[in-house]
Structure formats: C-alpha cells, structure tokens
Amino acid sequence: MSISKNFEDAIKVTETSEGNFTANISDNWSIGQTANGGYSMSLLAKACSEYLDHKDPLVLSANYIDRVEFGSADIEVSKIASTRSTSTAHVSLKQKGNLKIFTTVTFTDFSKMKGLKENLRNEPIFEDYETCTQVPYKEGFSPKLDKNLEKKYCSDSIWWENPKEDNQATLNLYMGWKDGGSVDLFGLILFLDATTPPIYNKLGTVGWVPTLTLTSHIRNIPEPGPLKVIAKTEFITNNYIEEDREIWDSKGNLVGQSKQLAKLRIKK
C-alpha cells in the first residue's frame, strides 16, 4: 500500500544550498490560523532525511517559538555528529527571517536495527474498530487537519458529545489516512500531535491549547492497518498542561510516543 499522496505532497522540501531548504506550509494541515505542530515537525524531519547520513527519524524535540504562518518557510539543518547508528542535528524553521521553530533531532536506519525487543506492558485493549465513531467535520469549526485524517474515537472518548468532569482527560481512538494510504515514519510524527487535546474529554472545548515544546520518539515502522492512539493529560499547573501520546500498530507493536507541554488558554 502506498503512503498518503496528500501528505507526501504537503511535506515536500527543496534544497537550495547545503543544509538549507525551502518548504510551503499548507493550510490543509492547520489548527485554526496556524500549522499543526506535528505537521511542521514532519516538514523539518523531511529536510533532515534528505540531508543527514541516516534517513529515519528516531527522536525529535522542538520548541515552538512563534506562530507558523501559511506559505513559504526556510529550513536550516546543522549537523552536530554522526556515528555508525545515528546522526544528530539542530534544525530551525524561519519565515521572513523570524525564527518559528527550533528543533534537535536524532536520525537512524530502522532497516539495520537489531537487539533486544520486549514489551514490558501489553498493547492497549480497544473496542472494535467498526464500533468506534469518526469525529464529525464541521466547516469553519473543525481543524482543516481533520479533513485528511480518519479519527475513530472509542465510546469513552466522544469528547464533542459527552465531556464531563467524571471523565478522565484521556482519549482512545483509531487513526489513519482518509485516502487509505499507509502511515510511514513521517506520518507518525504528525499523528503524535494530531488528536484533539485530551483535556476536552473532561472540560469540553474550553479554549485553545497551543504547543510550547514537543518531543517525539519514533519506535518502529508501522504495519498496515488502523493505528491505536492513546492521548492523556494528568496535570494542570497554572494553565500549563502536559499531553502524552502513544501509538500502536495493527500487529501490537509500539511505534511512537510523544510528550508535550502546552498552554491551556481558556476562552473568556
């Protein structure tokens, strides 16, 4: 199965000189008036994959400095070190000379990985895929990002219909591409920041939740089929919240994890 054509086109980058790339930030992957943070990270990862000795993202840790606008962006990849198994770099995204995202990345080659493999925790048990509910898309209300994604929420996670204080700030859902393409490593980077904020399952759509920092670990290449995604928040401190996500593939393999710090900006 081929990967999503829409997403593949959306993360194209063009090298202009050694380590320097241009990209076009598409509004088809937006949250409100800014690009989704996972989408922006996927663009940075694509540039790194084309430039570094190792081609597969392993760890990405980003600081979101300012709102990413739609349109042209400049990406600079600065190599730090390269070993037999990994390449490390600093990566920045700028628009009109203004720094928007600063990232540290480590890349590897999954095809050459070997060693101990053991899950110390079993994969999550979800309701059947067929019984879960696709989040409805409402023009002018839903993020444009959702036009591209299959997001089928379990019955305990129907945040748009049944948010309540008794709920956990946790979302359990299946994810995939609307166009049926397979999810590759770059798609995983997006998916690790593409669920609704899990706090909505408890408090409702109380406001905007912009990401300040995001670290994503890519653990494996996903097998074909719907991905199980868990997103949760456990602490709110002076309106700063964490969002933890993990993704499991159809064969029960953990394929991605992320942790971010976000600001809960409650509507007045």
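Just so you know, these numbers come straight off a predicted model, no measurement behind them.
Hydrophobic clustering (side-chain heavy atoms under 4.5 Å, transitive across Ile, Leu, Val, Met, Phe, Trp, Tyr) keeps Ile65 apart from Trp208. Residues Trp248 and Leu173 are members of separate hydrophobic clusters, defined by side-chain heavy-atom contacts under 4.5 angstrom among Ile, Leu, Val, Met, Phe, Trp and Tyr. In the hydrophobic clustering of this structure, Ile247 groups with Met113; members are Ile, Leu, Val, Met, Phe, Trp, Tyr whose side-chain heavy atoms approach within less than 4.5 Å, directly or through other members. Criterion: ILVMFWY side-chain heavy atoms under 4.5 Å apart, direct or through other members. Under it, Phe102 and Leu214 are not part of a common hydrophobic cluster. The hydrophobic cluster containing Leu171 also contains Val135, counting ILVMFWY residues as joined when their side-chain heavy atoms lie under 4.5 angstrom apart, directly or transitively.
Between Pro163 and Leu203, the shortest heavy-atom distance links the atoms CB-C, 4.5 Å. Thr170 and Ser157 get closest at one heavy-atom pair: O-OG, 3.9 Å. Residues Asn36 and Ala194 come closest through the heavy atom pair ND2-CA, 4.4 Å. Closest approach of Pro136 to Ser142, counting heavy atoms only: O-OG, 3.6 Å. The shortest non-hydrogen separation linking Trp159 to Thr196 is CZ2-OG1, 3.1 Å. A pairwise comparison of heavy atoms in Ile218 and Phe110 identifies O-CZ, 3.5 Å as the closest pair.
The main-chain N or O of Asp128 is found under 3.5 Å from a side-chain atom of Thr131 such that the two form a donor-acceptor pair. A distance-only check finds no donor-acceptor pair linking the side chain of Asn239 to the backbone of Lys263 [under 3.5 Å]. No donor-acceptor pair closer than 3.5 Å links the side chain of Thr108 to the backbone N or O of Leu58. Judged by distance alone, with hydrogens and angles left aside, the side-chain atoms of Tyr153 form no donor-acceptor pair with the main-chain N or O of Trp160 at under 3.5 Å. Using modelled atom types, one side-chain atom of Tyr39 and one backbone atom of Ala10 make a donor-acceptor pair closer than 3.5 Å. The backbone N or O of Ala262 sits nowhere less than 3.5 Å from a side-chain atom of Thr211 that would complete a donor-acceptor pair. Judged by distance alone, the side chain of His217 and the main-chain N or O of Leu60 form no donor-acceptor pair under 3.5 Å. The main-chain N or O of Asn162 is found under 3.5 Å from a side-chain atom of Asn167 such that the two form a donor-acceptor pair. In this structure, the side chain of Asp184 engages the main chain of Gly187 through a donor-acceptor pair within 3.5 Å. Side-chain atoms of Asn28 do not come within 3.5 Å of backbone N or O of Lys144 as any donor-acceptor pair.
Taking 4.5 Å as the limit, every side-chain heavy atom of Gln260 sits out of range of all side-chain heavy atoms of Thr213. Between Phe21 and Thr14, every side-chain heavy-atom pair lies at or beyond the 4.5 Å cut-off. Two residues are said to be in side-chain contact when any heavy atoms from C-beta on lie closer than 4.5 Å; Leu254 and Asn220 fail this criterion.
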*Could you walk me through whether Tyr51 and Glu15 pass the side-chain contact (heavy atoms from CB on, under 4.5 Å) check?*
CA-CA 9 Å; Tyr51 183 60; Glu15 188 169 16; 4.0 Å; yes
*asked:* Is there a salt bridge (Lys or Arg N to Asp or Glu O under 4.0 Å) between Glu246 and Arg121? Walk through the geometry before answering.
replied: CA-CA 12 Å; Glu246 58 185 55; Arg121 172 164 59 88; 2.9 Å; yes
_Is there a salt bridge (Lys or Arg N to Asp or Glu O under 4.0 Å) between Arg245 and Glu243? Walk through the geometry before answering._
CA-CA 7 Å; Arg245 292 179 176 86; Glu243 294 182 359; 2.8 Å; yes
*I would like to know whether Ile80 and His90 meet side-chain contact (heavy atoms from CB on, under 4.5 Å); could you show each step before the answer?*
CA-CA 7 Å; Ile80 298 174; His90 287 147; 3.4 Å; yes
*Kindly indicate, with the supporting measurements, whether the criterion side-chain contact (heavy atoms from CB on, under 4.5 Å) is fulfilled by His54 and Ser82.*
CA-CA 8 Å; His54 298 86; Ser82 184; 4.0 Å; yes
*Yes or no on side-chain hydrogen bond (donor to acceptor under 3.5 Å, both in side chains) for Asn98 and Asp66, after CA distance, side-chain angles and deciding distance?*
CA-CA 9 Å; Asn98 297 316; Asp66 200 356; over 6 Å; no
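Annotation: the span from Leu44 atom CG to Ser49 atom OG amounts to 12.5 Å, rounded to 0.5 Å. Interatomic distance, Ile11 CD1 to Ser26 OG, rounded to the nearest 0.5 Å: 12.0 Å. Atom OG of Ser216 is separated from atom CG of Leu192 by 4.5 Å, given to the nearest 0.5 angstrom. Summarising the geometry, atom CD belonging to Glu76 is positioned 5.0 Å from atom OG belonging to Ser92; distances are rounded to the nearest 0.5 Å. The distance from atom NZ of Lys202 to atom CD of Glu165, rounded to the nearest 0.5 Å, is 5.0 Å. In this structure, CG in Asp56 is found 12.5 Å from SG in Cys48, a value given to the nearest 0.5 Å.
Judged as a ring pair (Phe, Tyr, Trp, His ring centres under 6.0 Å), and not counting sequence neighbours, the contacts of Tyr174 are Phe126, Tyr129. For Glu127, the side-chain hydrogen bond (donor to acceptor under 3.5 Å, both in side chains) partners two or more places apart in sequence, or in a different chain, are Ser155. Residues satisfying the side-chain hydrogen bond (donor to acceptor under 3.5 Å, both in side chains) test with Ser111, not counting sequence neighbours, are Asp109. With sequence neighbours excluded, the residues forming a side-chain hydrogen bond (donor to acceptor under 3.5 Å, both in side chains) with Lys5 are Asp9, listed by chain and number.
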Show every donor-acceptor pair shorter than 3.5 Å between a side-chain atom in residues 221-238 and any protein atom, with sequence neighbours excluded, or say none if there are none.
unit_1: Lys228; atom_1: NZ; unit_2: Glu123; atom_2: OE1; d: 3.2
unit_1: Lys228; atom_1: NZ; unit_2: Pro124; atom_2: O; d: 2.8
unit_1: Thr233; atom_1: OG1; unit_2: Glu242; atom_2: O; d: 2.6

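With Phe107 as the aromatic partner, Lys55 does not meet the cation-pi criteria of under 6.0 angstrom to the ring centre and within 45 degrees of the ring axis.
Within 6.0 Å of CG on Asn119 lie more than 12 heavy atoms contributed by other residues, nucleotides or ligands. Counting heavy atoms of neighbouring residues, nucleotides and ligands inside a 6.0 Å radius, atom CD of Glu50 exceeds 12 of them.
With Ile75 as the partner, the side-chain contact (heavy atoms from CB on, under 4.5 Å) test is satisfied by one option alone out of Ile101, Asn20, Val91: Val91. Of the candidates Lys100, Arg67, Glu69, Gln95 forms a side chain to side chain donor-acceptor pair (under 3.5 Å) with just one, namely Lys100.
Between Trp29 and Phe70, the gap from one ring centroid to the other reaches at least 6.0 Å.
Of the charged side-chain nitrogens involved, none lies within less than 4.0 Å of a carboxylate oxygen, so that Asp74 and Lys94 do not count as a salt-bridged pair.
Leu261 belongs to a hydrophobic cluster with Leu212, Tyr240, counting contacts under 4.5 Å between side-chain heavy atoms of Ile, Leu, Val, Met, Phe, Trp and Tyr, direct or through other members.
In the model, Asp179 has a side-chain atom that pairs as donor or acceptor with a side-chain atom of Ser4 under 3.5 Å.
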